[in-house]
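Because only heavy atoms are used, hydrogens play no part in the values below, and waters and symmetry mates are left out as well, while side chains stay in. Numbered from 1 within each chain, the chains take letters A, B, ... in sequence-line order.
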There are 2 protein chains.
Amino acid sequence: MAAGNKHSLLVVGSIAFDSIETPNGSVADALGGSATYFSYAASFFLPPRLVAPVGEDFPDEHRQLLIGRGVDASGLVTLPGQTFRWKGRYHHDMNTRDTLEVHLNVLGSFKPDLPERFRDSTHVFLANSGPVLQARVLDQVQHPELVLADTMDLWIESERPALLKLLKRVDGLLLNDSEAQLLTGDDNLVRAGKAVRRLGPKFVILKKGEHGAMLFMQDDVYVMPAYPTEEVIDPTGAGDSFAGGILGFLASDAGAAPGSLRQAMAYGAVIASMTVEGFGLERLKRTERSEIDDRLKKYRAMLSF
Amino acid sequence: MAAGNKHSLLVVGSIAFDSIETPNGSVADALGGSATYFSYAASFFLPPRLVAPVGEDFPDEHRQLLIGRGVDASGLVTLPGQTFRWKGRYHHDMNTRDTLEVHLNVLGSFKPDLPERFRDSTHVFLANSGPVLQARVLDQVQHPELVLADTMDLWIESERPALLKLLKRVDGLLLNDSEAQLLTGDDNLVRAGKAVRRLGPKFVILKKGEHGAMLFMQDDVYVMPAYPTEEVIDPTGAGDSFAGGILGFLASDAGAAPGSLRQAMAYGAVIASMTVEGFGLERLKRTERSEIDDRLKKYRAMLSF
């Protein structure tokens, strides 16, 4: 980034080869993973810093794709072995999926160490991983201004104490509806979201897939529908693209205005709606900032009355 | 209504005794039915005209409740026999329910004949019933300006030709997500909604329960989330309250402005969010127009960014 810009955005997460089956077709070994989708989405706003492990099988072509988007890939660590692999199948309604295979490979033993020059990052996304690892990343960031963490049912069930400890240290938590219900034991999403916020985070973003998202901040609740699209080809990466749009916008100069979190979520929703319109990164590769801004404008008009 | 007001709103539907079980409790023989919820919701905007059959067991207290709201109940016909009865049980998530008992009673043989003075109605809600009956009502309205019809899976499956014929005659169709999928054979809600609109109606409102609604008008798609509430006590009547808020607002003087359909839907969403906060009409009975307007204001703020 240009010297003088006071914000910088760090993501620590996964890079994967995804094999995906949907009612519309399938794809094998597509570039995916939380850090990939997040940083690609964020790159429409500013060049993000990426930390993630890959195996010796990771092609230079993928690295160049990210670098071509302005991603600072100096935290892309090549470890002995294979890159993380995931295989899944979406059901007919595209809202639910079965995981067919998971091979953690290099991700299994990865202990993130931030490059020295990443330690002054102002905005941080702790993509889904164990809360102990997420805390370890946080320990290495000197003066974070805004930390957003993602989590999943696995950690809620198996590492609840560590997760609760982490929640006292982050500004925002991102989780989906069933995870909020699991974490709080409350089926009503409004009550569940408020209860998660009382566990520590200043704000909670509750994802509802094709039904949009809710934001809990102080005692207020906001709801946002998903941007409606006719072409749901592959939902993989929607959540991480959403997060990338949110933090990308917030870390950009425009996002520093007060009350911009909802505009950031709108950008996230718009980018996520594009992600699902193709397999893997296919659709995001075909877009540019102006198309995102056009869709944001339509989204805003759609919600005003 | 005062002479000189050019709009009048007619609903033809059902009046029921509902017995409802939810995880939060239960209620027996509560006043319900599509025409009841619709007209109660619409009465916050203007005094609606109601046509529906009841049995000899229908207490005067219920009739007085509606008349007290300004409802013109001269189309409330008492027939020999019992009032329509429905019994249902909501599942834990409050989004799905099982019908335990249906006794059509007087509803089974009801053939709606509009009182002479209702035939000049400008706005018409054809609540859920067979499309042949709905067409029969429409035949009796002289110069309707806006006709909205509701339907359900039963008619889509058993009376499709009559339903398709009706769709050429109405301005708007209200149906839920699974019904749109059933009617069009398309799982994607954006494509399904557009396909329903091509069957005839100028606009289609697709209900998604706690996830809100979508509006299809010309080639445009609008999405609206449900107003989030912590107190989902009983979802019965939410859809008909939604419709009552929509047509009530549109038939009121304020609703005559161009582009007011979305504001009408916002009113509908707000009233529906109140309906679900109590059993039967319990919560609506405790509200007044100023509280509805306050919630509308919050809803609008919630959706702007």
_For B:D98, I'd like to know if atom CG has over 12 heavy atoms of other residues, nucleotides or ligands within 6.0 Å._
yes
*Who wins among A:M265, A:R262, A:R191, A:H211 for the most heavy-atom pairs under 4.5 Å with chain B?*
A:H211
*When rounded to the nearest 0.5 angstrom, what distance separates CE in B:M224 from CG in A:L303?*
8.0 Å
*With a 4.5 Å cut-off on heavy-atom pairs, point out which of B:L261, B:D186, B:L215, B:D187 contacts chain A the most.*
B:D187
_Qualifying side-chain hydrogen bond (donor to acceptor under 3.5 Å, both in side chains) pairs, either residue in residues 146-157 of chain B, two or more places apart_ = B:N128-B:W155
*Taking heavy atoms only and a threshold strictly under 4.5 Å, list by residue number the residues of residues 271-298 of chain B that touch chain A; give 'none' if the list is empty.*
B:L296
*Using heavy atoms and a sub-4.5 Å threshold, report which of residues 225-232 of chain B line up against chain A, by residue number.*
B:P225, B:A226, B:P228, B:T229, B:E230, B:E231, B:V232
*Inter-residue atom distance A:S304.OG - B:R300.CZ, 0.5 Å rounding*: 9.0 Å
*Enter the distance from A:N24:CG to B:N188:CG here, rounded to the nearest 0.5 Å.*
9.5 Å
*So what's closer than 4.5 Å to chain A heavy atoms on B:A301: side chain, backbone, both or neither?*
backbone
_Residue A:M94 versus chain B: region with a heavy atom under 4.5 Å_ = neither
_Validation row: B:Y299, A:F305 side chains within 4.5 angstrom (heavy atoms)_ = yes
*Verify the neighbour count for atom CZ of A:R89: are there more than 12 heavy atoms of other residues, nucleotides or ligands below 6.0 Å?*
no
*Contacts of residues 198-210 of chain A with chain B (heavy atom under 4.5 Å)*: A:K208, A:E210
